[in-house]
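This report concerns only the one structure given below.
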Amino acid sequence: MAQLVDAQITLINTMSGSILDRAGVKAKFDVFPEQIIDYLALVGDTSDNIPGIDKVGPKTAAKWLNAYHSLDGLLSHAAEVPGKVGENLRAGLDTLALSRQLATIRTDLELPLDGAGLKRREPDVPRLRAIYGRLELRSLLQQLEANAARDNAAAAMASESAAPSAAAPSAAAPSAVAPSDIAPSDIAPNAALLSDPVAARLASLPREYETISDYAQLAHWCEALKRSALFAFDTETTSLDYLNTEIVGVSFCIEAGHAAYVPLAHDYAGAPSQLDRARVLEALRPLLEDPSLPKLGQHLKFDMHVLENYGIALRGQRFDTMLESYVWNSTATRHDMDSMAAHYLGLRTIHFEDVAGKGAKQIGFNQVSVERAAEYSAEDADVTMRLHQTLWPRLEAAPRLAQLYRDIEQPLVPVLQRMERRGVLIDRAMLQTQSGELLLRLRELEALTHREAGAAFNLDSPKQLQQILFERLGLPVLRKTPSGTPSTGEDVLEELAANFPLPKLILEYRGCAKLRSTYTEKLPEQIDPVTGRVHTSYHQAVAATGRLSSTDPNLQNIPIRSAEGRRIRQAFIAEPGHSLLAADYSQIELRIMAHLSGDEGLLRAFAEDRDIHQATAAEVFGVALDQVSLEQRRSAKAINFGLIYGMSAFGLARQLGVARGAAQSYVDLYFARYPGVRRYMDATREQARREGYVETVFGRRLYLPEIRSRNRAMQQYAERSAINAPMQGTAADIIKRAMITVDRWCQDEQVPARLIMQVHDELVLEVRTDFLAQARIEVGARMNGAAQLAVPLKVEIGSGPNWDQAH
DNA sequence: GTGGCGTCC
DNA sequence: CAGAGGGACGCCACT
């Protein structure tokens with residue numbers, strides 16, 4: 001028994017707390033299922049015999065469910081919990097998970113009235129059925145039906161002619177039951193499951209897809225495309241690598257339900273003969289290059305690249321369903337076609353994996369049978385048209401969103417395509433030299449560390465490092481990771497470094513290892529052998545706030561803060577006779593805060609072009625501008641950034657290493673000096689609660705339904721997002737507008753300058769060196785003119801032979 | 001695939 | 001009373 005109590009106390013000490021009311025330990029904190037599993041493993045499976053543990057029931061399960069981001073993770077953990085506690089837990093989760101799914105769906109139904117949530121996934125009916133097989137799914141499925149019906153009704157109202165035909169007749173819209181009101185009794189057990197109306201609807205969709213196998217048929221379609229008001233098209237390719245991919249087929253859709261696939265390069269053994277790719281592309285060229293012939297697609301930037309590989313310049317792209325969905329609601333669904341079809345149309349489309357397989361067994365699209373490829377590809381074009389028919393009327397009904405779409409997101413597509421295609425020149429030899437140097441240093445540090453630790457271990461393994469630091473050497477545990485293990489993060493090691501020698505070595509090791517693995521080793525591998533440059537992908541529909549993101553390689557997280565890191569930037573160079581020009585917006589988010597809040601003090605500071613952190617320090621600490629100490633300026637800077645991120649006094653205290661009370665007094669002083677900022681923040685939170693969303697200066701919306709959550713953590717997270725999103729999002733809008741005008745200048749005037757990178761508040765151009773002086777002026781003017789705010793924008797421009805020296 | 005960590009704005 | 005800083009991507013270890 002003593003052992004049991006010890007184990008329990010150990011458990012309590014190693015995690016955030018315990019629900020177990022035993023041995024004088026108060027039930028104070030939450031325990032999560034994986035911790036129960038650990039616990040039971042520790043004490044042996046005596047769960048039914050431990051007083052108190054059987055109290056884990058629906059109520060506790062509800063707390064866990066609310067706290068977990070991943071329902072799947074929670075369910076899989078719950079499945080492993082043995083004994084009575086497991087039974088109770090699973091019963092509670094079944095009920096609660098289903099009601100949460102219902103709440104999720106319900107929220108989606110009421111768009112745009114209620115808004116949607118962060119990173120919300122589609123309800124996966126087959127999976128729900130598997131999990132809740134013993135439960136009746138009628139109410140859930142009814143809501144899915146009603147969802148489609150209402151969407152279509154709304155679309156029909158907004159645009160009679162554009163109403164899609166996919167509407168399923170359905171009962172009236174669901175009554176407005178608050179999620180929490182869905183009691184367990186509403187979900188009656190029923191062994192006989194309903195048929196799946198979602199799958200059924202897919203099968204019953206009116207569709208006529210044809211496969212084009214002769215030139216007369218092709219000519220017929222080309223004529224129809226030419227006469228159409230709008231057509232959707234899609235290219236099928238051998239690879240997602242946009243520079244090194246071949247066209248396997250193309251598909252078209254003019255009218256929902258009618259689509260055609262043109263197989264061109266299916267080359268498996270026994271493939272039917274197909275039309276000649278070059279000849280078909282030449283027939284399509286005049287259509288695709290005609291700017292007055294409007295086109296629709298899903299992620300057209302990719303198709304632009306693919307066509308450019310064949311010398312075809314896509315013009316006249318008018319609509320892109322990926323961007324329509326993103327502008328409509330950046331978080332209600334992911335913006336790939338399969339997700340959108342499920343979300344907006346209630347359709348389960350044929351996925352790429354369905355026809356090509358997945359993992360190591362995946363085949364190229366050229367190996368897919370023409371029959372299956374035709375179904376898949378024609379459906380893509382068809383569904384693209386259907387999505388557009390439901391999305392565009394919604395956007396037009398919300399004029400600011402339509403304007404954001406027309407003025408910013410759609411025109412940005414060709415700009416990004418050109419940036420990607422141009423690529424960035426990298427000095428491979430320089431990176432390889434650095435890699436060698438880093439490797440030597442890493443080996444030294446490894447030897448020193450092992451000697452100091454008295455044991456050999458893998459420095460790259462946080463788990464092994466935890467054991468060495470906190471078990472073998474007994475260093476104090478200063479912070480724990482979310483999963484309850486002792487953290488070895490940078491801030492912890494910094495603090496430990498004051499009293500112990502090892503953490504400092506590990507910090508240097510980590511820094512070098514990061515530089516080598518992520519940058520000096522990987523970047524050279526990503527240089528295209530043909531162009532000698534790296535060609536990133538900018539993603540336009542990923543970040544909830546409107547920012548771009550970059551992958552393969554990510555050019556938006558190249559080091560800059562440390563001297564060692566900046567050497568990486570020296571390898572970003574320009575071609576002979578050219579230089580890099582880097583132009584970044586100075587303090588753009590704080591300027592936007594001044595604009596949005598209208599705070600007089602802040603407006604004045606920017607109007608007078610003050611050093612904003614210094615000016616803030618002078619106000620907060622009540623000293624003259626020239627009396628502000630470096631320490632005061634540092635504090636003010638932390639306050640300013642904290643405000644942008646919705647940070648609390650607690651967080652500020654930790655950041656600054658001061659007492660919480662001191663941090664609180666800084667915050668109070670700040671708000672006393674800048675009362676407009678506090679008013680703005682209160683008003684923003686209030687608007688988010690009232691409307692369900694916040695918006696940027698240019699009308700971009702971010703929906704935050706969690707701001708009404710009864711779960712405090714989620715609600716506060718939503719509040720921080722509400723504060724941050726208008727500033728971060730407006731900055732994104734502004735730089736996108738700047739990119740469009742800068743690119744237009746590059747294109748129209750045939751100047752020797754090209755946009756090559758964007759890093760959130762910075763644009764990088766490759767400019768012929770003799771043209772630098774003029775480029776500075778032209779780029780600066782366009783960036784400055786990208787928005788008219790109540791404060792001036794400020795752009796800082798530098799240039800040099802490499803990215804480091806351009807700053 | 002997930003968690004921990006680290007890079008950027 | 002607990003929690004406590006927004007948005008991304010990528011590497012490594014580990015399962």
Side-chain angles (χ1 to χ4, degrees), chain A residues 16-17 28-30 34 63 67 69-70 72-73 76 118-119 330-331 359 457-466 479-493 506-507 510-519 521-523 526 536-539 542-562 565 568-569 584-585 587-589 638 641-655 660 663 694 702 711-729 731-732 735 757-762:
Chain A
S16 57
K28 261 193 162 174
F29 304 109
D30 296 337
E34 66 270 35
K63 289 179 79 171
H69 283 292
S70 156
D72 289 327
S76 71
L118 291 167
K119 301 287 173 221
S330 65
T331 53
F457 65 100
N458 184 352
L459 270 156
D460 291 326
S461 165
K463 193 176 164 190
Q464 292 184 33
L465 185 57
Q466 277 164 22
R479 186 165 62 82
K480 289 184 176 170
T481 67
S483 61
T485 57
S487 169
T488 62
E490 188 186 349
D491 51 345
V492 171
L493 295 183
I506 295 161
L507 282 168
R510 283 237 177 106
C512 293
K514 176 76 174 177
L515 288 178
R516 186 172 137 89
S517 66
T518 307
Y519 302 106
E521 283 293 299
K522 286 297 184 307
L523 272 174
Q526 304 188 62
T536 187
S537 289
Y538 288 106
H539 302 278
V542 172
T545 53
R547 272 192 181 177
L548 300 176
S549 75
S550 158
T551 61
D552 308 305
N554 181 355
L555 297 184
Q556 294 180 321
N557 71 345
I558 305 300
I560 189 170
R561 287 172 199 176
S562 71
I568 309 284
R569 291 194 171 217
D584 66 281
Y585 283 112
Q587 306 294 356
I588 189 166
E589 292 190 6
F641 279 105
L643 286 165
I644 291 172
Y645 299 147
M647 189 165 64
S648 66
F650 178 95
L652 183 63
R654 209 177 65 164
Q655 171 85 26
R660 185 180 168 172
V694 291
L702 177 65
N711 179 309
R712 278 290 292 278
M714 290 171 76
Q715 190 243 332
Q716 290 179 342
Y717 176 65
E719 286 192 355
R720 293 193 293 273
S721 302
I723 297 297
N724 176 260
M727 295 183 266
Q728 190 182 118
I735 198 164
M757 287 190 277
Q758 188 255 38
V759 192
H760 308 308
D761 65 358
E762 172 183 7

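So you know, we letter chains A, B, ... as the sequences are listed, proteins then strands, and number each from 1. This one's a predicted model, so the numbers in the text were calculated from it and none came from an experiment.
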With a 4.0 Å cut-off on heavy atoms, is [X] in touch with a base, just the backbone sugar-phosphate, or nothing at all?
X	result
A/Gly651	sugar-phosphate
A/Glu490	sugar-phosphate
A/Arg660	base
A/Ile558	sugar-phosphate
A/Ile560	sugar-phosphate

Which heavy atom in [X] sits nearest to a heavy atom in [Y], and how many Å separate them?
X	Y	answer
A/Gly651	A/Met647	C-SD, 3.6 Å
A/Thr545	A/Gln728	OG1-OE1, 2.7 Å
A/Ala663	A/Ala649	CB-O, 3.4 Å

Reported [atom1]-to-[atom2] distance for the pair [X] and [Y], which is rounded to 0.5 angstrom:
X	Y	atom1	atom2	result
A/Ile558	A/Ile568	CD1	CD1	7.5 Å
A/Asp552	A/Tyr538	CG	OH	12.5 Å
A/Gln758	A/Gln556	CD	CD	5.5 Å
A/Leu523	A/Leu555	CG	CG	7.5 Å
A/Phe457	A/Lys463	CZ	NZ	14.5 Å

Calculate the interatomic distance between [X] atom [atom1] and [N] atom [atom2]; express it in whole Å.
X	N	atom1	atom2	result
A/Gln715	C/dA2	CD	P	17 Å
A/Phe641	B/dC8	CZ	C1'	13 Å
A/Glu521	B/dG6	CD	C1'	18 Å
A/Asp491	B/dG6	CG	P	8 Å
A/Ile568	B/dC8	CD1	C1'	13 Å
A/Tyr645	C/dG7	OH	P	10 Å
A/Leu652	C/dA4	CG	C1'	12 Å
A/Met757	C/dA8	CE	P	22 Å

* To do: Check for a donor-acceptor pair, side chain of A/Gln464 on one end and backbone N or O of A/Asn458 on the other, with a separation under 3.5 Å.
  => yes
Would you indicate which nucleotide in [options] comes nearest to any side-chain atom of [X]?
X	options	answer
A/Arg712	C/dA4, C/dA8, C/dA2	C/dA2
A/Gln728	B/dC9, C/dA4, C/dG7	C/dG7
A/Arg569	B/dC9, C/dA8, B/dC5	B/dC9
A/Arg561	C/dA8, C/dG6, B/dC8	B/dC8
A/Val759	B/dT7, B/dC9, C/dA4	B/dC9

* Report, as a single string ordered 5' to 3', how protein heavy atoms within less than 4.0 Å touch nucleotides 9-15 of chain C: B base, S sugar-phosphate only, - not at all. => BBSSSSS
Would one find a side-chain N or O of [X] under 4.0 angstrom from OP1 or OP2 of [N]?
X	N	value
A/Tyr717	C/dG7	yes
A/Ser487	B/dG4	no
A/Thr545	C/dG6	no

* Structure fact -> Comparing A/Asn724 with A/Gln716, nearest DNA chain C nucleotide closer to 5' gives the residue A/Gln716
* Would you kindly check whether a donor in the side chain of A/Arg547 faces an acceptor in the base of B/dC9, or vice versa, at under 3.5 angstrom? => yes
* **Distance between P atoms of B/dG6 and C/dA2 (Å, rounded)** => 29 Å
